[in-house]
Peer 1: 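One structure, pasted below without further comment.
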Amino acid sequence: MAFVDSLLQNCHSLSHIKQLHAHLTTTGLFPFHRSKLLDRCATSPSLSLLPYAAFVFRHTPSPSTNDYNAIIRGLALTPTPTRALTCYLHMSRAPTTTTRPDALTCSFALKACARALALPEAAQIHSQVTRFGFGLDALLQTTLLDVYAKAGDLDGARKVFEEMASRRDIASWNALIAGLAQGSRPSEALEMFKRAGSEGLRANEVTVLGALSACSQLGATREGEKIWEYVRSEGLDLNVQVCNAAIDMYAKCGFVDKAYQIFERVCRKSLVTWNTMIMALAMHGDGRRAMELFEEMGRFGVCPDSVSYLAALCACNHAGLVDEGFRLFNSMAGRGVSPNVKHYGSVVDLLGRAGWLEDAFEIVRSMPVVPDVVLWQTLLGACKTYGNVDMAEQVSRKLVEMGSNSCGDFVLLSNVYAALERWDDVGRVREAMKNRDVKKVPGFSYTEVEGVVHKFLNGDQSHPSWREIYRKLEEVRFRIEAYGYVPETNYVLHDIGQEDKENALCYHSEKLAVAFGLISISEHAPIQVIKNLRICGDCHAVIKLISKIYEREIIVRDRARFHRFKQGSCSCRDYW
DNA sequence: TTAGGGTTAG
């Protein structure tokens with residue numbers, strides 16, 4: 001038996017497998033080893049042996065549970081994981097004494113659901129799991145939790161987790177923490193991480209990965225640092241993935257130098273290590289160093305992938321390295337990486353921002369990939385910056401055709417008209433907004449004060465100190481007006497104010513967060529803010545003035561990059 | 001014989 005197992009492990013090609021299969025058949029041993037052979041083929045690294053497994057399976061008169069398991073497991077790994085579910089369905093519909101789903105079958109089928117994001121199917125298997133009596137299987141429950149989280153039902157995941165009660169172990173916690181972090185509920189992820197600690201669980205590398213990722217998203221510097229200290233004390237920094245997450249965390253919390261220190265110390269840098277660091281430099285506007293690193297990775301024998309190119313393009317974008325970025329983009333295909341919609345989006349942004357609108361549009365027209373909504377929105381943004389009405393109208397029509405119904409698109413078009421004082425057209429756009437049910441992505445900002453993350457929405461009055469915050473903003477306004485500040489009303493629709501007070505310029509979430517920082521963070525410490533959208537022009541102008549008048553360093557991370565305001569100017573040099 | 005949790009992205 002052991003001999004056959006070791007032979008199987010050493011089969012790396014179809015001819016090896018066929019030889020072994022023939023040998024087992026002639027010696028009459030095949031029925032005893034069939035499932036193992038199927039499993040080996042079905043889960044072969046490149047999946048090149050899966051068709052052979054499927055062929056053998058089809059010619060098996062009455063396949064056993066283990067035979068099914070091997071096939072379902074293999075199919076779940078393919079680009080079309082729903083085929084695993086078809087197979088599972090076939091099996092569970094006609095159960096016999098030798099062929100009935102066991103806990104492993106369910107586990108593999110659930111994996112397929114996770115990869116296919118098939119929530120209803122997962123729920124169905126969940127009820128079968130209970131019916132089959134596997135409700136107490138901790139491994140299977142963790143798989144279930146994980147599927148719910150990955151397929152987008154985080155409440156379902158939490159429910160499974162709570163029901164597991166005493167059977168939870170570190171993997172169950174990890175699945176939930178990672179699920180929450182990846183599902184854009186980073187505060188909850190951090191809460192669970194802390195709860196795990198208070199319940200005496202010892203975090204391992206997977207736990208800290210999820211927690212670090214949550215800190216990155218929240219800009220939770222203090223919590224992130226605590227986790228990094230823990231990582232070092234436990235020797236978890238030998239794990240490259242943990243280091244990558246820490247690099248990302250420090251960079252996204254504003255400490256790019258600290259991120260670089262960790263990067264330098266990672267002995268076996270992976271592709272992701274390089275990509276994360278290049279993206280970190282890009283976010284901080286250090287295009288030169290990002291490009292140097294991009295060149296350097298090649299010399300270290302690491303071949304740039306599509307994410308590396310995206311990071312490098314992004315770096316050129318934020319640093320205004322237009323020629324360099326365009327050259328890089330044009331060199332991609334020749335180096336074996338074909339640009340995807342994100343690369344096109346990035347280069348359109350690069351050209352558009354620099355004012356090369358026609359060239360940007362030409363790229364969109366001729367690109368072999370279907371442009372998505374984000375790409376058109378990027379172009380519309382450039383039209384607004386350079387006041388190109390004709391192109392803005394064309395692009396807006398495109399967006400409407402694509403079913404985009406976002407408030408931002410209408411506002412941009414309206415601003416193009418407003419800049420040219422075409423008030424009739426402004427009114428027309430506003431009318432169109434009223435007639436449609438336009439969707440607004442709510443803007444919010446985070447700021448961490450003494451280890452506590454505070455969240456503000458636009459026009460928010462739910463914070464315990466909101467009255468003080470608003471008073472502070474009034475004071476700010478008074479002081480900056482003395483410096484000649486005039487609100488950039490260009491960024492809002494003119495008299496939408498009546499019905500839409502909360503969106504008024506002066507109470508944008510980043511302003512609230514900065515004002516809160518002014519009243520609650522000691523005088524010489526910098527104020528750090530994280531915003532989910534791009535910072536608006538008015539906020540940018542106001543925060544520059546605050547940094548001068550109040551002699552404060554203010555660091556704002558917006559959706560795309562960092563803005564470091566100091567003595568009246570910003571690290572982005574007003575190019576963003 | 002084979003199970004569960006994992007970092008980067010306009």
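To find a chain, count down the sequence lines: A is the first, B the second, and so on, and within it residues start at 1. Here the structure is a predicted model, which means the values were calculated and not measured.
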Peer 1: So which nucleotide from B/dG6, B/dA9, B/dG4 ends up closest to the side chain of A/T143?
Peer 2: B/dG4
Peer 1: Counting heavy atoms from C-beta on, name the nucleotide in B/dT8, B/dG4, B/dA3 closest to the side chain of A/A171.
Peer 2: B/dG4
Peer 1: Identify which nucleotide among B/dA3, B/dG6, B/dT8 has an atom closest to any side-chain atom of A/F108, counting heavy atoms from C-beta outward.
Peer 2: B/dA3
Peer 1: Does CZ in A/R195 sit with more than 12 non-hydrogen atoms of other residues, nucleotides or ligands closer than 6.0 Å?
Peer 2: yes
Peer 1: Output the rounded distance in Å from CG (A/D349) to C1' (B/dA9).
Peer 2: 14 Å
Peer 1: Does A/F161 offer a backbone N or O that forms a donor-acceptor pair with the side chain of A/Q141 under 3.5 Å?
Peer 2: no
Peer 1: Atom CG of A/D146 to atom C1' of B/dG5: distance rounded to whole Å?
Peer 2: 7 Å
Peer 1: Measure CD1/A/I125 against P/B/dA3 and give the value in whole Å, please.
Peer 2: 19 Å
Peer 1: If you look at every strand shown and take non-hydrogen atoms under 4.0 Å, does A/V348 touch a base, only sugar-phosphate, or nothing?
Peer 2: nothing
Peer 1: What is the distance, to the nearest angstrom, from the CZ atom on A/R73 to the P atom on B/dT2?
Peer 2: 9 Å
Peer 1: Regarding A/S172, tell me which of base, sugar-phosphate or nothing describes its non-hydrogen contacts under 4.0 Å with the strands shown.
Peer 2: base
Peer 1: Give the residues of residues 252-265 of chain A touching DNA chain B, defined as any heavy atom closer than 4.0 Å, sorted by residue number.
Peer 2: A/K252
Peer 1: Answer with yes or no whether A/D169 presents, from its side chain, a donor or acceptor under 3.5 Å of a partner atom in the base of B/dG4.
Peer 2: yes
Peer 1: Should A/D286 and A/R289 count as an ion pair when the cut-off is N to O under 4.0 Å?
Peer 2: yes
Peer 1: To the side chain of A/V272, which of B/dT8, B/dG6, B/dT2 is closest?
Peer 2: B/dT8
Peer 1: Tell me which nucleotide among B/dG6, B/dA9, B/dA3 gets nearest to the side chain of A/E205.
Peer 2: B/dG6
Peer 1: Rounded off to whole Å, could you give me the CG-to-P distance for the A/L136 and B/dA3 pair?
Peer 2: 22 Å
Peer 1: Ignoring hydrogens and angles, does a donor from either the side chain of A/N174 or the base of B/dG4 sit under 3.5 Å from an acceptor on the other?
Peer 2: no
Peer 1: Are the side chain of A/D169 and the backbone of A/S172 linked by a donor-acceptor contact shorter than 3.5 Å?
Peer 2: yes
Peer 1: Send over the distance from A/K342 NZ to B/dT8 C1', rounded to a whole Å.
Peer 2: 11 Å
Peer 1: When you measure from the side chain of A/L104, which nucleotide among B/dT2, B/dG10, B/dG4 comes out closest?
Peer 2: B/dT2
Peer 1: Which listed nucleotide (B/dT1, B/dG6, B/dT8) is nearest to the side chain of A/D39?
Peer 2: B/dT1
Peer 1: Applying a 4.0 Å non-hydrogen cut-off, can you work out what A/T142 is touching in the nucleic acid: base, sugar-phosphate, or nothing?
Peer 2: base
Peer 1: Counting distance only, does the side-chain N/O of A/T130 pair as donor-acceptor with the main-chain N or O of A/H126 below 3.5 Å?
Peer 2: yes
Peer 1: Round to a whole Å and report the spacing from CD1 of A/I170 to P of B/dG4.
Peer 2: 17 Å
Peer 1: On a heavy-atom basis, which atom in A/S306 and which in A/H343 lie closest, and how many Å separate them?
Peer 2: O-NE2, 2.8 Å
Peer 1: Suppose we screen for side chain to side chain contact (heavy atoms under 4.5 Å, CB included). Which residues come up paired with A/L533, at least two apart in sequence or across chains?
Peer 2: A/V441, A/K531
Peer 1: From B/dG6, B/dT1, B/dG10, pick the nucleotide closest to the side chain of A/N239?
Peer 2: B/dG6
Peer 1: Under 4.0 Å between a side-chain N or O of A/K111 and OP1 or OP2 of B/dG5?
Peer 2: yes
Peer 1: To the nearest angstrom, how far is A/I177 atom CD1 from B/dG4 atom P?
Peer 2: 19 Å
Peer 1: Can you say whether a donor on the side chain of A/S346 sits under 3.5 Å from an acceptor on the base of B/dG10, or the other way round?
Peer 2: no
Peer 1: For A/C316 and A/M291, work out which heavy atoms get closest and say how close.
Peer 2: SG-SD, 3.8 Å
Peer 1: Side-chain donor-acceptor contacts of residues 225-232 of chain A below 3.5 Å, not counting sequence neighbours, with atom names and distances?
Peer 2:
unit_1, atom_1, unit_2, atom_2, d
A/E225, OE2, A/Y250, OH, 3.2
A/Y230, OH, A/A203, N, 3.3
A/Y230, OH, A/A203, O, 2.7

Peer 1: At less than 3.5 Å, do the side-chain atoms of A/D5 and the base atoms of B/dT1 form a donor-acceptor pair?
Peer 2: no
